[in-house]
Amino acid sequence: MMEHAPALVIAFPLFAAFASHLIGRLGSRIRDIWVFASLLLTWLFAVFLNLEVMQRGTYAYTLGADISSLASPAGFPVRIVLVIDGMSALIAFMAVSVTLASFIYSRRFMERVSGGGESADRYCSLVLLFLAGMLGMGLTGDFFTLFVFLEMTSISSASLVAFFRKGSSFEAAFKYMIISAINALFLLFGIGMIYSQYGLLNMAAIANEMVLNFSFLDKVALSLIVSAILLKLGSVPVHMWKVDVYQKVPSSVAVMCITSSLVGIYVLSRILFSVFFSMSALTGWMIVCLGSLSIIVGVSMALPQKDLKRMIAYASIAEIGYVMLGIGTGLAGMSSTFGTVALSGGVFHIINDALDLGLMFLIAGAVFYATGKTGISKLGGIAHRSASLSVLFIIGMLAVSGIPPFNGFVSKLIMYESVFCLNPVLSVIGILGSILMLSVFVKVFASVFLGSPYKGKFREIPLSMTAVMWIFALLIILLGLFPGLALDGLVSPAVEALLGHGIYMGVII
Amino acid sequence: MIMKVLLAMVVPVAGILIGLLYKGIDRILAARMQGRVGPPLVQPLRDVRKLLVKENIVPDDAVGWLFSSMPFVALVSVMAILLYLPLGITPVLEGYGDLILVLYLLIIPSLALVLGGFASSSPYASVGGQREMVKMMSYEFPLAIAVISVAWLLYSSGAENVFSLSVISGTHVWGLAGIPGLAGLAVIFLCMLFVIPGELGRIPFDVSEADSEIAGGIFAEYSGRNLALFYLADAVKAVAIASLAVALFLPYTVSGIFGLGGAAAPAADFLFHLLKVFFVLFVSSTVVRVVTGRLAISRVVSVYWKYPVILSFLGLLLIMGGTLI
Amino acid sequence: MHEKEIAGKIGRKTGMKVDITRKRRMSVRTDSRGLREFCVCAKELGFGHLSAVSVTDFIGEGEYEILYFLWSYQDGLALTVKTRIGREEPSIDSVSDIWGEAQIHERELHELFGVEFVGNADLSELFLEGWNQTPPFRKDFDWREYVRSRYYRNEGRERGYFEVEK
Amino acid sequence: MEDAKKLKRLVKSVWVFNWFNSCGFTEILPVVGSRWDMERFGMIPVASPRHADCLIIAGYQTEKSIRRAQRIYRQMPKPAVVIGLGSCSMSGGMYWDSYNTIKRLSDYIPVDLYIPGCPPRPEAILKGIMSIFREVEDHA
Amino acid sequence: MISTGMGSWSPLVFLICVAFISVVVQIIRSLGEGGFRKEEDKAEAFFSGGRLLIKNRVMDVYWGFFDAMGRYYGWMKRMHNGIVNDYVYWFVLLVTVVIGVVILL
């Protein structure tokens, strides 16, 4: 049973998503238990995947073949092949754990906000669909299933955006639908071009073909696919949709949206590292420029915002910029030492970013849960009402802006000292970005938490929400104090997986 | 190893005493420049002893735990910076922290100041806190460029382990990149000196503790013991930022010239380092403090983001050009 | 010569007789009801600036005289508008909506003379916090007696210090 | 730590908060200035009563301003010293018969030292403050 | 303890030193007077003697920064206007730039 883990990791949340609607008929308690159990099981599968990768290294799993390791029976792969290596196992593990945490968080949050019953069933199935899509994107080995799972994440997250059934959340969902339609269109164009030329869909096989003849059409296909994924990521020129979406989506789902952007970054790095690696110098520089632009625009636009969630959304665009900086330098300096160091900084920053901004969104959700408002001017003096929220916010703030003892500092330190070799100006932009990020969150902390005591009705925050937030905070502190654990355990296999495109191709051919 | 632990205990406390000494000298020199007699040299120590005796008032609306813990955090973080800086001798925590860490540790005291100010529920303090945050945003840009360009100079001239402070303070930076490099470095040293009064909140940039406009700014509600801790943190921060500037730009040691050996060499280097720190502080904060008046907050941002940024980018380009030739 | 021309213009427009007290100084006497209408015309004729509003207490005739000192930038002329109101319940229409700066003057006069300015936005206390006596600038307010009772009598200070023969 | 010992430390560095709204201000300036320089005795003017040890009430006080001065005095961390500057704070000065000004400062705030003069010259102010120093030394 | 080839950072040593220094600072702090004798409105916020009518709220934060960067933020506001078809125009611009870069260089 366990050697089918890669397929089960994707199949099980799908099955659970549809089943949860049915089980919802029996009663909401039972449905909660069912969803929690299925998430836990997927989490175990993901952990098993990581152990398997640590033991066996990169390996493929073909759906439907009698002997699972039989990659290509007749010379070239016909079936859907899932390739699991350090990087994809890490991304799958992260996606599942964040979904598990956000589900526990959202139990009481949804009750107060949308009043259980039928809409809670819808919420659970959509969340599970979203997770299945992310896992699919993380593990696939060929372009078309990547496109299918990308569609799945877009549709499920768009309907989650419209969950509150209010005018403005419909508008945000509508915008998101248009953006994902365009995204899917351009991605399909790129895949179609490649398919027309090589007749192949499997990434590794295409990469193998491309080593010999790399035509002009491939360049156009590359740029279409890259810009489609950049749109999904929300890097600078096309980042505005993310802000409207993050403002309207329920906070627990916003944490998952951040993870879906990070899965998008994984897909981008998978394509640029393992498939189009011959163009790496050029695409690396492009990703670095877009990344530093994202940092500058994201942080400078976060400063004047008046709404808590919009501000954190802009901050997440800046954090995506940091990760792109790391991965772009890894690409540009693929052969040199500072390239690998930058890549490990970028990948480690993916984990930190998911934790830090996830905690920030959870705190924003808790504030919304307690006071029913997210506008900064209407809130004030919450530190008097709940000290634990303000301590959590301080930890999150220091971690996001990279102040020494916390995890943000470690990944930023690694990145600055390696990106520095590519061009010193990038480190300067990084340092400036983190000080502006700090002042964004100090502004939020001052206007929402400090000042004279909050007069309005302050509903007590339930234990389940505080517990999840404290788990995030403890993870942040743990990663900050013992970075070696994460760096050796999770990050270095992922970096080797990305850089070793030879191994990646060898598994399939 | 024992020597290191011993030094790790002595250096922070010595930092406080040196900081108070510099504050005393600073006030006397400023007074003499204005034709006044000026306080006795130990006046800062007397101020601290007096503040310790006074009552420590915590306002009602303030967030108590944050209000009282911020002075503590400010002083601890500033004293921690001294351990990573090369005070003439090799830094106490030599292999455990580098230049970027010092740059980020310099943010924590101002951040503690801002959070303390916001937590004290006084309108003056929240205005002061916002101004301090804006000032921090503006002076961090030229500071980052200066620090990175010195590291780039070392990197492109083939040094190993470029960001560690012992390497930086070990190499003679000025002659490395020929004439353009020298000019670039001089420009960047000027920008660094221009950043120091901003970092310390001295007169042209004391927008956050502006006495006449916002009644003490961030410190409006602090009194007694908490104010004493902030006073000490400010004194030690002057030593920290000045010794960072000295480590980057004036890394010359004296023990070589006098040919001292054994225990005398580090002592001579340490004293020479204090002299250099005094010189940097005198040029950058005392003279400027006596000569200029306070800037409006929007002027502070444009003053820091227009001229020093262009100058230091120019310096960086010169250095890049210098290293290529 | 210049003043006559302007005085004539005001006379034609408002029908009031304007006498020229001296070079570049003119004064007009109107009754309290026609005051606002006159002020509006004066402003149109260029008297855009109101330097001050003041009150004189004619206790003998039992009346207050309220004076509005106007100034015209175009012609460089000053015009004083005088009106008379009764002394017992003094009240008059406010001109703060014609000239914005009149508001604070009227607030001060309300506090010191007790004149009720109908239509003024804010007539709260200005200098004398918690003052319950008669308005101090009125002539029938015996301030010596007030000072003696308020500050000197109850502490039993040495008698001669404050005694002033009437 | 009993009061005398505290005052002994306080005297070494007196931080002055000036509550002046009349002639007193014109007299405090030269004391802070270069010619009389009160900083030689460790005295610097501060902006908030929280930092202050010595409250100088200079000039006449109206009913409205004395209430603020009382709040300022209460907001100062003790041990603190109050100095009434000029004859206006001693006896109402030339406003002795005005209906709005208070006649004696010590009816409202416990005053430690009066410095006569209308307005008192800087030497008088310094002499007054020196007398506090001497008085504290004698007690200890 | 991580080293990045250019520099190094060890959080545990940092924590040990911070712990030691906080002991020293706590000693300094304990020399001082801790509390204060409560009086009528001694702990009220200092507002030049007056009473704080509206409770202190942090409003219009970082005015100085936005005032100095006025032109930049004006341009930014025009760019982020929230209309979907403008987002699509930006995306089309991105595609042309990426194609141009990938093909020409």
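Proteins come first, then strands; the chains are lettered A, B, ... in the order of their sequence lines, and each starts at number 1.
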*Using a cut-off of under 4.5 Å on heavy-atom pairs, state which of D/Gln70, D/Arg68, D/Arg71 scores highest against chain E.*
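Result: the option with the highest number of such pairs is D/Arg71.
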_Let's go through D/Tyr73 and D/Trp19 carefully: what are the C-alpha distance in whole Å and the side-chain angles of both, what is the deciding distance for ring-ring contact (aromatic ring centres under 6.0 Å, His included) to 0.1 Å, and is it a yes or a no?_
CA-CA 10 Å; D/Tyr73 172 70; D/Trp19 178 258; over 10 Å; no
_Less than 3.5 Å apart, any donor N or O on the side chain of D/Ser106 or D/Tyr114 sitting next to an acceptor on the other?_
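Result is yes, a qualifying pair exists.
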*What part of D/Arg67 gets closer than 4.5 Å to chain E, counting heavy atoms only: side chain, backbone, both or neither?*
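Nothing of D/Arg67, per the 4.5 Å heavy-atom cut-off to chain E.
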Side-chain donor-acceptor contacts of residues 92-105 of chain E below 3.5 Å, not counting sequence neighbours, with atom names and distances?
from: E/Thr96; atom 1: OG1; to: E/Val92; atom 2: O; distance (Å): 3.1
from: E/Thr96; atom 1: OG1; to: E/Leu93; atom 2: O; distance (Å): 2.5

Ignoring hydrogens and angles, write down the donor-acceptor pairs under 3.5 Å from the side chains of residues 23-30 of chain E, residues two or more places apart or on other chains.
from: E/Ser30; atom 1: OG; to: E/Gln26; atom 2: O; distance (Å): 3.3
from: E/Ser30; atom 1: OG; to: E/Ile27; atom 2: O; distance (Å): 2.5

*Given that the side chain runs from C-beta out, which part of E/Phe36 has a heavy atom under 4.5 Å from chain D: side chain, backbone, both or neither?*
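Neither part; nothing is under 4.5 Å.
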